[in-house]
Enquirer: 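Please see the structure below; I have some questions.
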Amino acid sequence: MAKAIPSRSENYSEWYNELIKRADLAENSAVRGCMVIKPYGFSIWEKMQRALDDMFKETGHSNAYFPLFIPKSFLSKEASHVEGFAKECAVVTHYRLKNAEDGSGVIVDPEAKLEEELIVRPTSETVIWSSYKNWIQSYRDLPLLINQWANVVRWEMRTRIFLRTSEFLWQEGHTAHSTAKEAMEETTQMLNVYATFAEEWMAMPVIRGTKTANERFAGADDTLCIEAMMQDGKALQAGTSHFLGQNFAKAFDVKFLTKDNQQDYVWGTSWGVSTRLMGALIMAHSDDDGLVLPPKLAPIQVVIIPIFRNDEQLAQLSEKINPLIKELKKVGISVKYDTSDANKPGWKFAEYELRGVPVRLAMGMRDFENNTVEIARRDLKTKETISADGLVAHIQNLLEEIQVNIYNKAAQFRQEHTFRVDTYEAFKEQIEKGGFLMAHWDGTSETEEAIKEETKATIRCIPLDAELEEGTCIYSGKPSKQRVVFARAY
RNA sequence: CGGGGUGUAGCGCAGCUCGGUAGCGCGCUACGUUCGGGACGUAGAGGUCGUGGGUUCGAAUCCCGCCACCCCGACCA
């Protein structure tokens, strides 16, 4: 029974939703806009967490945990921050339920109203800086380099599983420094950590850039980001790193004594990536047959499928396969040996393809006698029969090759869908076909707004590594010194 | 918040126009035959038809209300 998922070209968002369901990554929950991340999906997230967490530790950060609830008064201390988040906050007003008198169930106990309402964190700058005030006295306490893994809630009007859910999981780094320069360096460093993670682990090329004032984080002086291209040509912001200046230090009165005994406000950064990366991973590589996972993040890197008619045959095959599994595990490769007789091999082939397992081995009696094994790779959907000798090294190489190949494929796709446009006419025509549009912009919010209004495209970022080039703004004709990245975005 | 759609077995759906005691496919259970690209046979199990009310001898079906979810837009990571 070939139960194909909808194709990308037919209906991209249906393909995305159906793939998530069928690959057993996640499902919608009883609560609108929230998701249940299922074990297979969560194990991918755990792999992401592990890799990122190691990188944070290597760059000197420590994990801590701050509370889910934020006193309402905290949120109003930093003016632009409130403005950015006020519209999407969940508010706790009561602390008790009781049985309804008419027996219709439980109701909120009106007697149990909170003195001060609590906000479910949309992000934690405010609680964290209120703690930092007590933690920091002198330049000797700096830099303070903290990260937390947490859930946050942003009451979104329209949600999309993994990409924009009302509750999501993320990490948020919050650091404090004695100089602006050092804080800016931290901001850049963490952006580079994200870019490295995206490219080396997720096999997803990204553009590093600066956000325009319109797209900047509420409360930041500067926001850096990595932007990736999805297979429908839309942009996805995959991570952000903010230079907070002294904004939160001033709002929460976080001062320190400098070496020469002067009081000064500390300089801050914050940076985060979320379960949105799961959406990015799916949309960057997967195809009409299902998920395609980079080996470095695949929960199962190799699946082994025995082809047998009876228990004796399975036992024979297992005699060969079990030692192989041991060897693979010894070199750190995760293996699944699917001996279930509930489904036929063909069913299993399709199932593991749907789940994006990078390498599949199949061994039947024919192979057993010839000392061979059939090896198939998910990224290219090719297979060959090879000798069972030296398999471990072969698989190691193959996994590395697949990791590189899917990166290259994504990079090539991005290159083929990136266009330099020099007139607004060309811009409007090309934006309908999707992709990144490299165009000159006069640097004003008005122009950006107008283009967004007319074309739904936004400036994804001002690339950090772009060459300077004199030109004129496609919209206003005013002078511009470099091209910026325009795209329609998730 | 606007526009569209959907709620019937675990999942996907038909039945509703024209009211008569609920059906198909997948999945599930048992047994047998199968097993190198989503097998087949036989026998089973499984449903307050989203919810509240109304009309009627009788409602999944007709009428009124409510709720939930999905998709498309406006807001955002």
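Numbered from 1 within each chain, the chains take letters A, B, ... in sequence-line order.
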Enquirer: I'd like to know if the side chain of A/Glu454 pairs up with that of A/Tyr475 as donor and acceptor (distance under 3.5 Å, no hydrogens or angles considered).
Expert: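 Per modelled atom types, A/Glu454 and A/Tyr475 side chains form a pair under 3.5 Å.
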Enquirer: Scan every strand shown for a Watson-Crick or G-U wobble partner of B/U56, both distances under 3.5 Å, and answer none if you come up empty.
Expert: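 B/U56 is paired with nothing.
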Enquirer: Touch check for A/Phe168, heavy atoms < 4.0 angstrom, all strands: base, sugar-phosphate only, or nothing?
Expert: base
Enquirer: Given the structure, check if the side chain of A/Lys383 and the base of B/G36 hold any donor-acceptor pair shorter than 3.5 Å.
Expert: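 Check fails, no donor-acceptor contact within cut-off.
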Enquirer: Determine which nucleotide pairs with B/A68, using a 3.5 Å limit on both distances of a Watson-Crick or G-U wobble pair.
Expert: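 Base-paired to B/U6.
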Enquirer: Less than 3.5 Å apart, any donor N or O on the side chain of A/Asp232 or A/Tyr490 sitting next to an acceptor on the other?
Expert: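 A donor-acceptor contact under 3.5 Å links the two side chains.
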Enquirer: Within the 4.0 Å heavy-atom criterion, would you say A/Glu14 contacts the bases, only the backbone, or no part of the nucleic acid?
Expert: nothing
Enquirer: Side-chain N or O of A/Arg154 less than 4.0 angstrom from OP1 or OP2 on B/A77?
Expert: no
Enquirer: Looking for any heavy atom pair under 4.0 Å, which part of the strands does A/Asn17 touch: base, sugar-phosphate only, or nothing?
Expert: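 Sugar-phosphate contact only - A/Asn17 comes under 4.0 Å of backbone atoms but never of a base.
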Enquirer: Contact class for A/Leu236 (heavy atom, under 4.0 Å): base, sugar-phosphate, or nothing?
Expert: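 No contact at all - A/Leu236 keeps every heavy atom at 4.0 Å or more from the nucleic acid.
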Enquirer: Closer to the 5' end of RNA chain B via nearest nucleotide, is it A/Met157 or A/Ser274?
Expert: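 Whichever sits nearer the 5' end wins; that is A/Met157.
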Enquirer: Give the rounded distance in Å between these two atoms: CG of A/Asp338 and C1' of B/C35.
Expert: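 Interatomic distance, CG of A/Asp338 to C1' of B/C35: 13 Å.
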Enquirer: Check this one for me: any side-chain N or O of A/Asn310 less than 4.0 Å away from OP1 or OP2 of B/C35?
Expert: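 Negative; the distance criterion is not met.
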Enquirer: Taking N and O atoms by type only, does the side chain of A/Arg360 place a donor or acceptor under 3.5 Å from a partner on the base of B/G37?
Expert: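 Yes, the side chain and the base share a sub-3.5 Å donor-acceptor pair.
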Enquirer: Take atom CD of A/Glu453 as the centre, draw a 6.0 Å sphere, and report whether it contains more than 12 heavy atoms from other residues, nucleotides or ligands.
Expert: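 Open: at most 12 neighbouring heavy atoms sit under 6.0 Å from CD of A/Glu453.
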Enquirer: Starting at OH of A/Tyr12 and ending at P of B/C72, how long is that distance when rounded to a whole Å?
Expert: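 My rounded result for the distance is 13 Å.
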Enquirer: Ignoring backbone atoms, establish whether A/Asn28 has a side-chain N or O less than 4.0 Å from OP1 or OP2 of B/C70.
Expert: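 Checking A/Asn28 against B/C70: at least one side-chain N or O falls below 4.0 Å of OP1 or OP2.
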Enquirer: When you match A/Lys21 and A/Glu351 each to their closest nucleotide on RNA chain B, which lands nearer the 5' end?
Expert: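 Looking at RNA chain B, the more 5' nearest nucleotide goes with A/Lys21.
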Enquirer: Please give, in whole Å, the distance from B/C35 P to A/Arg366 CZ?
Expert: 13 Å
Enquirer: A/Ser13 near the nucleic acid: base, sugar-phosphate alone, or nothing, with a heavy-atom cut-off under 4.0 Å?
Expert: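 Sugar-phosphate contact only - A/Ser13 comes under 4.0 Å of backbone atoms but never of a base.
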Enquirer: Answer yes if the side chains of A/Glu172 and A/Ser124 hold a donor-acceptor pair under 3.5 Å, and no otherwise.
Expert: yes
Enquirer: Return the value, rounded to whole Å, for the distance between atom CD of A/Glu27 and atom C1' of B/C70.
Expert: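 About 15 Å, once rounded to whole Å.
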Enquirer: With distance as the sole criterion, is a donor-acceptor pair present between the side chains of A/Glu167 and A/Thr165 under 3.5 Å?
Expert: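 Note: A/Glu167 and A/Thr165 side chains miss the donor-acceptor criterion.
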Enquirer: Would you classify A/Glu353 as touching base, sugar-phosphate or nothing, given that sugar-phosphate means primed atoms plus P, OP1 and OP2, and contacts are heavy atoms under 4.0 Å?
Expert: base
Enquirer: May I ask you to say what A/Tyr490 touches in the nucleic acid, namely base, sugar-phosphate or nothing, with a heavy-atom cut-off under 4.0 Å?
Expert: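 Nothing, no heavy atom under 4.0 Å.
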Enquirer: Would you indicate what A/Thr458 reaches in the nucleic acid, counting non-hydrogen atoms under 4.0 angstrom: base, sugar-phosphate, or nothing?
Expert: nothing
Enquirer: Given B/C72, is OP1 or OP2 found less than 4.0 Å from the side-chain N or O atoms of A/Arg158?
Expert: yes
Enquirer: Identify the nucleotide, in any strand shown, that forms a Watson-Crick or G-U wobble pair with B/G46, with both distances under 3.5 Å; if there is none, say none.
Expert: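 Matched B/G46 with nothing under the 3.5 Å cut-off.
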Enquirer: Now, which nucleotide makes the Watson-Crick or G-U wobble pair with B/G73, with each of the two distances under 3.5 Å?
Expert: B/C1
